Protein chains: 4
Amino acid sequence: MGAEHQTKTKIKEAALRLFVEQGVSETTVRDLANAIGMAEGTLYRHYATKEELTRELSQENYAAFADRIRNTAGTQESLRGKLRAIAKDACRLFDTEPTLYRFLLLIQHETLPRLPKGSANPLAAVRSVIAEGIKQGEAKITDPQLGAAMVLGLLIQPALALVHGSLSGPLSRYADDIASACERVIIR
Amino acid sequence: MGAEHQTKTKIKEAALRLFVEQGVSETTVRDLANAIGMAEGTLYRHYATKEELTRELSQENYAAFADRIRNTAGTQESLRGKLRAIAKDACRLFDTEPTLYRFLLLIQHETLPRLPKGSANPLAAVRSVIAEGIKQGEAKITDPQLGAAMVLGLLIQPALALVHGSLSGPLSRYADDIASACERVIIR
Amino acid sequence: MGAEHQTKTKIKEAALRLFVEQGVSETTVRDLANAIGMAEGTLYRHYATKEELTRELSQENYAAFADRIRNTAGTQESLRGKLRAIAKDACRLFDTEPTLYRFLLLIQHETLPRLPKGSANPLAAVRSVIAEGIKQGEAKITDPQLGAAMVLGLLIQPALALVHGSLSGPLSRYADDIASACERVIIR
Amino acid sequence: MGAEHQTKTKIKEAALRLFVEQGVSETTVRDLANAIGMAEGTLYRHYATKEELTRELSQENYAAFADRIRNTAGTQESLRGKLRAIAKDACRLFDTEPTLYRFLLLIQHETLPRLPKGSANPLAAVRSVIAEGIKQGEAKITDPQLGAAMVLGLLIQPALALVHGSLSGPLSRYADDIASACERVIIR
DNA sequence: TATGAATGAGCCTTCATTCAT
DNA sequence: CATGAATGAAGGCTCATTCAT
């Protein structure tokens, strides 16, 4: 028990890293096999196709991040508190696991379009947080979907600027500013 | 006269569309040729490699969009006015030329890392608008780079949500909300 | 065990034959694959490029032929004996393995310029035989390099004439005449 | 009048040089056009195909060289004199027009196989000189074709050694040695 | 006649996937 | 289960040749 699980984990770790470093299309099955120290053919014992690996990787990480967002929000009472907590936690995540973060937020269009419509995803998580706040009368905006998109934009683009080198230092350095921006955009 | 120019234009239009629809790596030179109704080899009389076409396409469009941002900002006096104008113009652009917009903003990391460091780009254009506003004491934030990233985030993610179908209607429908968000994030 | 060796050998045999029959540039990777009964892609597991295959083929055969010349010379005491033995052995080789011989001697400039400067080659082998003879006072000529070139000329051009059909029959039919010619050109 | 002739001459000069420098297959029609300063399509007004240009180039130069050999031989009475004269003239030609010489003698197998069987060629020219000498009882060898091949070998391989850099200086430096070698191989 | 853009078959190479060991 | 050689369909690119101007 767990051997299969471990192997899949190893594969997914390598895939995550290589997909982020080189892009999904640009990462070959051989690249993956080499990185793991495993034969090419062996990969196919765990995933039917490269496509399936990609999908599973996306789905799982999106779901996990959505959970993380929900949990983070759960630690706070007010919408304002929830948003600030989410923003700060996202910054922390970027600094702690930049590869995962980049995969989650920056690779979106390479993987998102292939995900089943209803899968758990960060945008939906943020939206439901905001929707709840709207119901409670805490928000100034009225469209939770738009609000969620904007919040995500505030979290993604500074991270991208860091990746490209136009911003420097840990993202946490900007956590307060970003949190405040989220607050101002959403909160009444 | 201009035949060469026209052909290149036709190639770039097709490339823009296919790159956005399918991704850069996923678009083959044959796809391009077929879309234009041109032999594969002919493409190579105009661009030495697919890579060169991609680069030229990115550079030109990034530069043009940066110009557009600067011009839009130039129509207004205050930072607040400039930001609102930029936001609204971006929404208009998305609705008018969705393909171009998607190329500009969504293809970023497939394309941006390959651009020469100093090339004209939207982020830099927004940054200099904000930097000027900071000097004039109009901004609440202090880091123009961070501010520019956040503004871009507010413009990009709603657009992305539209593309993914989680938001509907023309982006202009949200133009006011987005403009206000930009204002609240940046302005004193 | 040896499977890899066998496959490479099969590839090299086919390459040798096709390169001689059609020329190196004129032989496509598909030609090679078809001749071997192997997929094109498979070739690339054994040789990184067609260029690498060509180089290895040349180097190995040149080195082997140089060895053969040295060994043949080693069976004789006198320079005269060595030269006659080399000439006769070369004729035998042409009759026995015409493809190899043609590759060695006729493909020279398609192939030689790409070889590393110091690689073992027939010209050097003959030169050192002659150089030794000069030291022993057995030669009439004084420049071993020139002597070696002339001896090679006496071995190559009759072979070429046979290939072109202007001379007929096995080259061995002319072995004595060629051996005598070598002798007269070099020996005191 | 002569305009056509001049153009063809310019084309042939460029072709000769490029074919020798890069090989026939490796020289593209565009290479040729660029070297001449002429459009690609224009070449086809003078030669129906690259193949035809190659053939004409070979035929003419082979014929001219065969003539030159016959003329050189004609200046001498004895077979010995003829051979020495031919050898020395060949060395002179190599030093004066190395490109032409390389084309004539070193590119043989790239072009010879395509020539019509009976075309004038150096080997035939030398053969008839030797055949005449045999009839006159001046030769020690009995097969004029073999003799001609060997003489050509003595002229070609030293030239090749020079080209490859294993021999240095003008070929004329070795003219006497080569002439003597020819004499010893052929003359009674 | 000259031009050079256009053609399209074909070249070398890559890569996701299969399969015998 | 693991392996890695084998497969073959593309992919990017080249090039002899054609043709509208």
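Keep in mind it's a predicted model, so treat the numbers as computed, not measured. In what follows, chains carry the letters A, B, and so on, assigned in the order in which the sequence lines appear, proteins first and then strands, with residues in each chain numbered from 1.
- Both A:Arg45 and C:Leu43 lie close to DNA chain F; mapped to their nearest nucleotides by heavy-atom distance, the more 5′-ward contact belongs to A:Arg45.
- With a cut-off of 3.5 Å on both pairing distances, the Watson-Crick or G-U wobble partner of F:dG8 is E:dC15.
- Rounded to an integer number of Å, the gap from NZ of B:Lys10 to P of E:dA6 is 8 Å.
- Nucleotide F:dA16 holds its P atom 12 Å from the CG atom of D:Asn34, rounded to whole Å.
- The side-chain heavy atoms of D:Ile36 and D:Leu43, taken from C-beta on, include a pair separated by under 4.5 Å.
- Checking F:dT21 for Watson-Crick or G-U wobble geometry (two distances, each under 3.5 Å) identifies E:dA2 as its partner.
- Summarising the base pairing, E:dG10 is matched to F:dC13 through a Watson-Crick or G-U wobble pair whose two defining distances lie under 3.5 Å.
- Here A:Leu16 contributes atom CG and A:Thr9 contributes atom OG1; the two are 12.0 Å apart, rounded to the nearest 0.5 Å.
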Please list, pair by pair, any protein nitrogen or oxygen found under 3.5 Å from a nitrogen or oxygen in nucleotides 9-13 of chain F.
| from | atom 1 | to | atom 2 | distance (Å) |
| --- | --- | --- | --- | --- |
| F:dG12 | OP1 | B:Lys50 | NZ | 3.0 |
| F:dG12 | OP2 | B:Val29 | N | 2.8 |
| F:dC13 | OP2 | B:Tyr44 | OH | 2.7 |
| F:dC13 | OP2 | B:Lys50 | N | 3.0 |
| F:dC13 | O5' | B:Tyr44 | OH | 3.4 |
| F:dC13 | N4 | B:Glu40 | OE1 | 2.9 |

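- The side chain of B:Thr42 contributes no N or O atom lying less than 4.0 Å from OP1 or OP2 of E:dA5.
- Comparing E:dA5, F:dA2, E:dG8 by their closest approach to the side chain of B:Ala39 singles out E:dG8.
- C:Arg17 and C:Glu13 are not joined by a salt bridge, as no carboxylate oxygen comes within less than 4.0 angstrom of a charged side-chain nitrogen.
- One distance of note links NZ of D:Lys10 with NE2 of D:His46; it measures 9.0 Å at 0.5 Å rounding.
- For C:Gln6 and F:dA6, the CD to C1' distance is 16 Å, given to the nearest whole Å.
- Note on ring orientation: taking the six-membered ring where Trp is involved, the planes of C:Phe103 and C:Phe19 are parallel (angle under 30°, cut-offs 30° and 60°).
- Atom P of nucleotide E:dA16 and atom CZ of A:Arg55 are separated by 16 Å, given to the nearest angstrom.
- Residues B:Tyr47 and B:Lys12 meet the side-chain proximity criterion, which asks for heavy atoms closer than 4.5 Å.
- Atom OH in D:Tyr47 sits about 15 Å away from atom P in E:dT1, given to the nearest Å.
- Within the 4.5 Å cutoff, side-chain heavy atoms of B:Leu53 are placed close to those of B:Leu32.
- Counting to the nearest Å, the P atom of F:dA5 and the NE2 atom of C:His46 are 7 Å from each other.
- With rounding to whole Å, C:Met38 atom CE is found 14 Å from F:dG4 atom C1'.
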